[in-house]
Structure formats: C-alpha cells, structure tokens
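Note that these values count all heavy atoms, side chains included, but never hydrogens, waters or copies made by symmetry.
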Amino acid sequence: MIKILVCCASGSGTSMMMKLTAEKACKALGIEASVAHAPIAEAKSVARQYDIVITSPAFVSTFDSVKNNVKIAAVKSPLSQAEYTKALKDNGLA
C-alpha cells in the first residue's frame with residue numbers, strides 16, 4: 001500500500017476534492033493506497049510519513065527540504081484524474 005498526501009493552502013475544500021480524485025486514480029490503476037489531505041502548513045511537518053505528496057505547482061518548492069526522501073508531484077487541476085494518474089506513473093508508483 002502506498003501512502004499519498006494531497007495538500008492545498010487551507011486543507012479544506014480543494015484538498016478534499018484532491019483526495020477524492022487521487023483515490024479514483026488509484027482505484028483505476030489498481031493501486032492500493034491510503035490518501036490523506038492537509039493544509040500546506042501541516043503537510044510540511046508530516047510529509048516524510050508519505051510516499052508521495054501531491055500539491056499545486058505553486059506549493060512544490062515548499063517541500064524542497066524533503067524531496068530527497070519523498071516524491072513530490074504537482075497537479076494543475078484538482079479534479080483531473082488524468083493528472084493524478086500521470087503523477088503516480090511518473091514517480092514509479094503505478
């Protein structure tokens with residue numbers, strides 16, 4: 001099972017949509033995954049506990065300190081299942 005963290009600025013509406021979309025992408029790929037969502041401030045402190053962090057392009061640099069230990073991916077559209085699928089494939093998780 002892979003552990004995925006999705007995050008946005010406030011960790012409420014957008015990240016919940018991201019969580020649901022990531023779960024759909026994992027299901028379509030046949031990947032067993034645990035998907036959590038959080039605000040950026042919290043995500044920075046817990047990122048090392050996950051296999052991949054998925055966020056918007058604006059926040060990718062926030063995770064520079066953990067990028068050697070955790071895969072970091074960006075999606076432009078929080079509802080694009082294709083972008084999540086690509087992020088998982090590009091990072092060797094699918």
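- The closest side-chain heavy-atom distance from Phe63 to Ile40 is below 4.5 Å.
- Other residues sharing a hydrophobic cluster with Leu29 under the 4.5 Å side-chain heavy-atom criterion for ILVMFWY residues are Ile2, Ile4, Val6, Met18, Ile31, Val35, Ile52, Ile54, Val75, Tyr84, Leu88, Leu93.
- By the side-chain hydrogen bond (donor to acceptor under 3.5 Å, both in side chains) test, Lys67 is found to be paired with no residue, residues two or more places apart in sequence or in another chain being considered.
- Closest non-hydrogen pair, Leu5 versus Ala47, comes out as CD2-CA, 4.4 Å.
- Between Ser65 and Arg48, the shortest heavy-atom distance links the atoms O-NH2, 3.6 Å.
- Other residues, nucleotides and ligands place more than 12 heavy atoms under 6.0 Å from the NZ atom of Lys3.
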- Output, in order, the C-alpha distance, side-chain angles, deciding distance and verdict of side chain to side chain contact (heavy atoms under 4.5 Å, CB included) for Asp51 and Lys71. CA-CA 6 Å; Asp51 298 303; Lys71 297 174 187 321; over 6 Å; no
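- Contacts of Glu83 classified as side-chain hydrogen bond (donor to acceptor under 3.5 Å, both in side chains), with partners at least two apart in sequence or in another chain: none.
- Residues Lys19 and Glu23 are paired through a salt bridge, judged by an N-O separation under 4.0 Å between the basic side chain and the carboxylate.
- A pairwise comparison of heavy atoms in Ser15 and His37 identifies OG-ND1, 3.0 Å as the closest pair.
- Within a 6.0 Å radius of CD in Gln49, more than 12 heavy atoms belonging to other residues, nucleotides or ligands are found.
- Pro57 approaches Lys76 most closely through the heavy-atom pair CG-CG, 3.9 Å.
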